[in-house]
Amino acid sequence: MGTQGSRLQASSKDPEEAVETTCASGKHGCECRKRKRTAHCDCDSEPDEEDALLDTPRRKKLKSTSKYIYQTLFLNGENSDIRICALGQEWNLHKVYLCQSGYFSSMFSGSWKESNMMVIPLEIPDQNIDTEALQVVFGSLYRDDVLIKPSSVVSILAAACMLQLDGLIQQCGETMKENVGVKTVCVYYSSASIYGLDSVMKKCLEWLLNNLMTHQNVDLMKELGVDVIELLIQSSDLFVMQVEMDVYTALKKWMFLQLNPSWDGPIKQLLADADAWLCKRRTEMGEEEPFLKAEDGAPFTPVFRHVRLQYIINDLASARILERDNILPPDWLTSVYKSQWFAMLRTEHDNDNGPQDANKEEFQSSSMRCGRKLTKDGDYCWRWTGFNFGFDLLVTYTNRFIVFKRNTLSQPCGGAVSLQPRRHLAYRLRLASFDNSGKLVCSRSTGYQLLTLEKDQEYVVMNLDSRLLSFPLYVCCNFQYTSPHMDRRPDAPEPESSFPYHSPL
């Protein structure tokens with residue numbers, strides 16, 4: 001009793017001291033032993049295990065309102081106040097949700113007879129719309145997110161456009177842009193043009209400009225219509241591999257497939273079969289007129305007009321192929337021969353050292369297009385052959401640098417070389433690498449540039465970051481060697497004498 005009484009007495013006199021005594025006895029060496037407790041000490045702040053469990057939040061996923069609405073109201077059709085009938089199927093829906101659609105909002109708010117009908121037969125004028133698309137579109141009115149399969153995006157887009165659902169239309173556009181590839185690009189481009197998705201059309205054209213020549217595909221060539229390929233061939237953004245003659249060759253193969261859609265074979269056999277078909281047709285028909293003047297060749301005329309023939313006739317072998325094929329009207333070639341002859345004379349006698357003023361419009365429409373594929377990292381040096389008005393340009397890729405060199409006497413050259421002290425050049429160089437679907441992995445461009453080179457001078461065009469490089473690497477260049485101006489008038493003053501051409505031994 002004495003002991004117990006003393007404890008009670010201590011507790012009644014000073015509760016804080018009693019707490020401190022207990023703390024001191026439970027925690028040896030605690031610094032709170034000798035001071036009044038004006039704040040919690042560390043030894044008091046540690047919760048026991050049970051308190052810790054009580055303070056730990058527990059996660060339990062509740063069914064969201066959106067999912068409940070979608071399941072109960074849309075899928076189950078509970079409390080439906082309107083029935084939509086279309087394509088042999090019925091949907092029990094709700095006016096308050098349908099009014100999110102501009103189509104139904106106008107229908108219900110106006111003086112249309114459907115505004116008071118409980119069952120509405122919906123006419124579907126667009127053949128792209130099917131019941132699966134309507135199911136997705138109606139369901140989108142009852143939920144926050146929609147999953148769109150790339151294979152069905154066109155039909156969903158068609159239904160969304162009909163019902164005037166701007167948010168869903170935008171989502172369809174994003175889905176299309178993310179899934180442009182060899183199997184979808186033509187369908188997506190056509191659909192985007194019908195339903196007014198300009199950004200999708202632009203994305204499809206960009207993909208085609210990058211892949212038409214770099215990754216030739218038989219099925220793609222069969223699908224490409226005249227209107228689309230005309231846009232591609234006239235563009236200076238077309239990624240050309242090798243030289244302009246390869247653009248003509250690609251068009252010849254494309255034309256053959258358009259006229260022979262049942263042809264089935266490997267891409268390597270396509271050119272030989274196209275040439276054989278043209279030869280057989282000339283022999284059997286006994287026609288001397290060019291193919292584009294014939295009835296079955298006329299539809300392809302607009303496309304072949306955009307081939308930059310001035311860069312094909314500057315190579316003897318290519319010029320002979322043009323004559324042999326007899327696809328192009330002779331007057332096309334005659335005018336180009338004349339134009340190139342005068343350009344050569346200007347360079348030789350009129351002191352035309354090349355473009356010195358920025359003329360991007362002329363550059364875009366008439367620059368030389370050429371390209372090269374670098375299969376792996378290493379050292380490369382090449383030139384694009386043909387008559388280039390005495391400008392022998394060597395291109396080098398080494399140590400992740402791309403270098404232009406104006407060769408005059410330092411390297412052998414098969415053609416004439418200008419000895420003028422300076423030559424001017426307009427150019428644009430682009431680099432790109434692609435994944436298996438043809439999407440850009442990395443790309444670099446110099447943009448439109450003017451360059452002056454002295455004899456045998458080198459110029460670093462691009463310094464590449466190794467972290468951004470991915471092989472195979474595609475190099476595409478646009479060049480303009482001569483000034484884009486008309487021939488001098490007869491009454492114009494005589495130009496100063498120019499340096500002669502020299503053909504090195």
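Side chains of Tyr311 and Val240 form no contact here, defined as non-hydrogen atoms less than 4.5 Å apart. Inter-residue side-chain proximity for Tyr474 and Phe434 is flagged as met; some heavy-atom pair is nearer than 4.5 Å. The side-chain heavy atoms of Ile313 and Asp315, taken from C-beta on, include no pair separated by under 4.5 Å. Side-chain contact between Leu212 and Leu238: present, with at least one pair of heavy atoms (C-beta onward) separated by less than 4.5 Å. When side chains are defined from C-beta on, Leu232 counts as touching Leu205, because their heavy atoms get closer than 4.5 Å. Side-chain contact between Gln135 and Phe74 is present, with at least one heavy-atom pair separated by less than 4.5 Å. Residues Asn217 and Ile267 are not in side-chain contact: their nearest non-hydrogen atoms beyond the backbone lie 4.5 Å or more apart. Side-chain atoms of Val461 and Val403, non-hydrogen and from C-beta on, never get closer than 4.5 Å to each other.
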### Task
Please test Leu270 against Trp263 for side chain to side chain contact (heavy atoms under 4.5 Å, CB included), starting from the C-alpha separation and ending with a verdict.
CA-CA 9 Å; Leu270 181 55; Trp263 185 88; 3.8 Å; yes

### Task
Decide side chain to side chain donor-acceptor pair (under 3.5 Å) for Ser410 and Lys405; before the verdict, give the C-alpha distance in whole Å, the side-chain angles of both, and the deciding distance to 0.1 Å.
CA-CA 10 Å; Ser410 61; Lys405 178 181 179 180; 2.9 Å; yes

### Query
Would Leu157 and Val154 count as a side chain to side chain contact (heavy atoms under 4.5 Å, CB included) if you check the C-alpha gap in whole Å, the side-chain angles of each, and the deciding distance to 0.1 Å?
CA-CA 5 Å; Leu157 173 63; Val154 172; 5.6 Å; no

### Query
Under the salt bridge (charged side-chain N to carboxylate O under 4.0 Å, His left out) criterion, do Glu132 and Lys149 qualify, and how do the steps go?
CA-CA 11 Å; Glu132 180 184 354; Lys149 295 187 295 185; 3.5 Å; yes

### Query
What do the steps show when you test Ile327 against Leu251 for side chain to side chain contact (heavy atoms under 4.5 Å, CB included), and what is the final call?
CA-CA 11 Å; Ile327 294 175; Leu251 282 186; over 6 Å; no

### Derivation and outcome, side chain to side chain contact (heavy atoms under 4.5 Å, CB included), residues Ile124 and Met162
CA-CA 9 Å; Ile124 307 296; Met162 174 185 167; 3.8 Å; yes

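The neighbour count for Arg324 CZ, taken as heavy atoms of other residues, nucleotides or ligands under 6.0 Å away, is above 12. Environment of NZ in Lys439: crowded, with over 12 heavy atoms of neighbouring residues, nucleotides or ligands closer than 6.0 Å. Shown here is Asn436, whose CG atom has no more than 12 heavy atoms of other residues, nucleotides or ligands within 6.0 Å.
Here the closest non-hydrogen pair linking Val146 and Gln171 is O-NE2, 2.6 Å. Between Trp332 and Ser335, the closest heavy-atom pair is O-OG, 2.8 Å. When every heavy atom of Gly438 is checked against every heavy atom of Asn211, the shortest pair comes out as O-ND2, 3.1 Å. Closest heavy-atom contact between Arg308 and Ser235: NH2-C, 4.1 Å. A pairwise comparison of heavy atoms in Phe239 and Val475 identifies CE2-C, 4.5 Å as the closest pair. Of all the heavy atoms in Leu429 and Cys477, the pair that sits closest is CD1-SG, 3.5 Å.
Taken from CG in Asn463 to CZ in Phe401, the straight-line distance is 4.0 Å, to the nearest 0.5 Å. Here the CG atom belonging to Leu165 is positioned 5.0 Å from the OG atom belonging to Ser101, to the nearest 0.5 angstrom. We find the CG-OG1 distance between Leu87 and Thr131 to be 6.5 Å, quoted to the nearest 0.5 Å. Rounding to the nearest 0.5 angstrom, the gap separating the CD atom in Glu362 from the CD atom in Gln364 is 11.0 Å. To the nearest 0.5 angstrom, Leu333 atom CG is 15.0 Å from Lys338 atom NZ. Here the CG atom belonging to Leu322 is positioned 6.5 Å from the CG atom belonging to Leu309, to the nearest 0.5 angstrom.
Ser418 places no side-chain N or O within donor-acceptor distance of the main-chain N or O of Phe391, the cut-off being under 3.5 Å. The closest donor-acceptor contact from the side chain of Ser155 to the backbone of Ser152 lies under 3.5 Å. For the pair Arg383 (side chain) and Thr385 (backbone), a donor-acceptor distance under 3.5 Å is absent. Side chain of Gln340 to main chain of Gln310: a donor-acceptor pair is present (N/O by atom type, distance under 3.5 Å, no hydrogens or angles). A distance-only check finds no donor-acceptor pair linking the side chain of Ser106 to the backbone of Tyr103 [under 3.5 Å].
Defined by atom type and a distance below 3.5 Å, a donor-acceptor pair is present between the side-chain atoms of Asp273 and Gln269. Under the 3.5 Å distance criterion, with hydrogens and angles disregarded, a donor-acceptor pair is assigned to the side chains of Thr408 and Asp456. In the model, Thr184 has no side-chain atom that pairs as donor or acceptor with a side-chain atom of Asn179 under 3.5 Å. Side-chain contact of Tyr189 with Asp227: a donor-acceptor pair under 3.5 Å is absent, judged by distance alone. No hydrogens or angles considered: a donor-acceptor pair under 3.5 Å links the side chains of Tyr195 and Asp126.
Every pair passing salt bridge (charged side-chain N to carboxylate O under 4.0 Å, His left out) that includes a residue from residues 175-199 is listed here, sequence neighbours excluded: Glu174-Lys177. Residue pairs meeting the side chain to side chain donor-acceptor pair (under 3.5 Å) criterion with at least one partner in residues 440-455, sequence neighbours excluded, are His424-Thr452. Residues in residues 241-261 take part in these side chain to side chain donor-acceptor pair (under 3.5 Å) pairs, two or more places apart or across chains: Gln216-Lys253, Glu244-Arg369, Tyr248-Asp325, Lys252-Asp275, Lys252-Asp325.
A salt bridge does not link Arg406 with Asp392: none of the charged nitrogens is closer than 4.0 Å to a carboxylate oxygen. At a threshold of 4.0 Å, the pair Arg281-Asp296 counts as salt-bridged, since one of the basic side-chain nitrogens sits closer than that to a carboxylate oxygen.
Partner of Leu393 under the side-chain contact (heavy atoms from CB on, under 4.5 Å) criterion, out of Phe404, Trp382, Trp384, Tyr427: Phe404 alone.
Contacts of Asp377 classified as side-chain contact (heavy atoms from CB on, under 4.5 Å), with partners at least two apart in sequence or in another chain: Tyr397, Arg400, Phe471. With sequence neighbours left out, the salt bridge (Lys or Arg N to Asp or Glu O under 4.0 Å) criterion links Arg428 to Asp237. Scanning for side-chain contact (heavy atoms from CB on, under 4.5 Å) contacts around Ser339 gives an empty result, with sequence neighbours left out.
You'll find the ring centres of Tyr70 and Tyr142 outside the 6.0 Å limit.
By the 30° and 60° cut-offs, the orientation of the rings of Phe291 relative to Trp277 is perpendicular.
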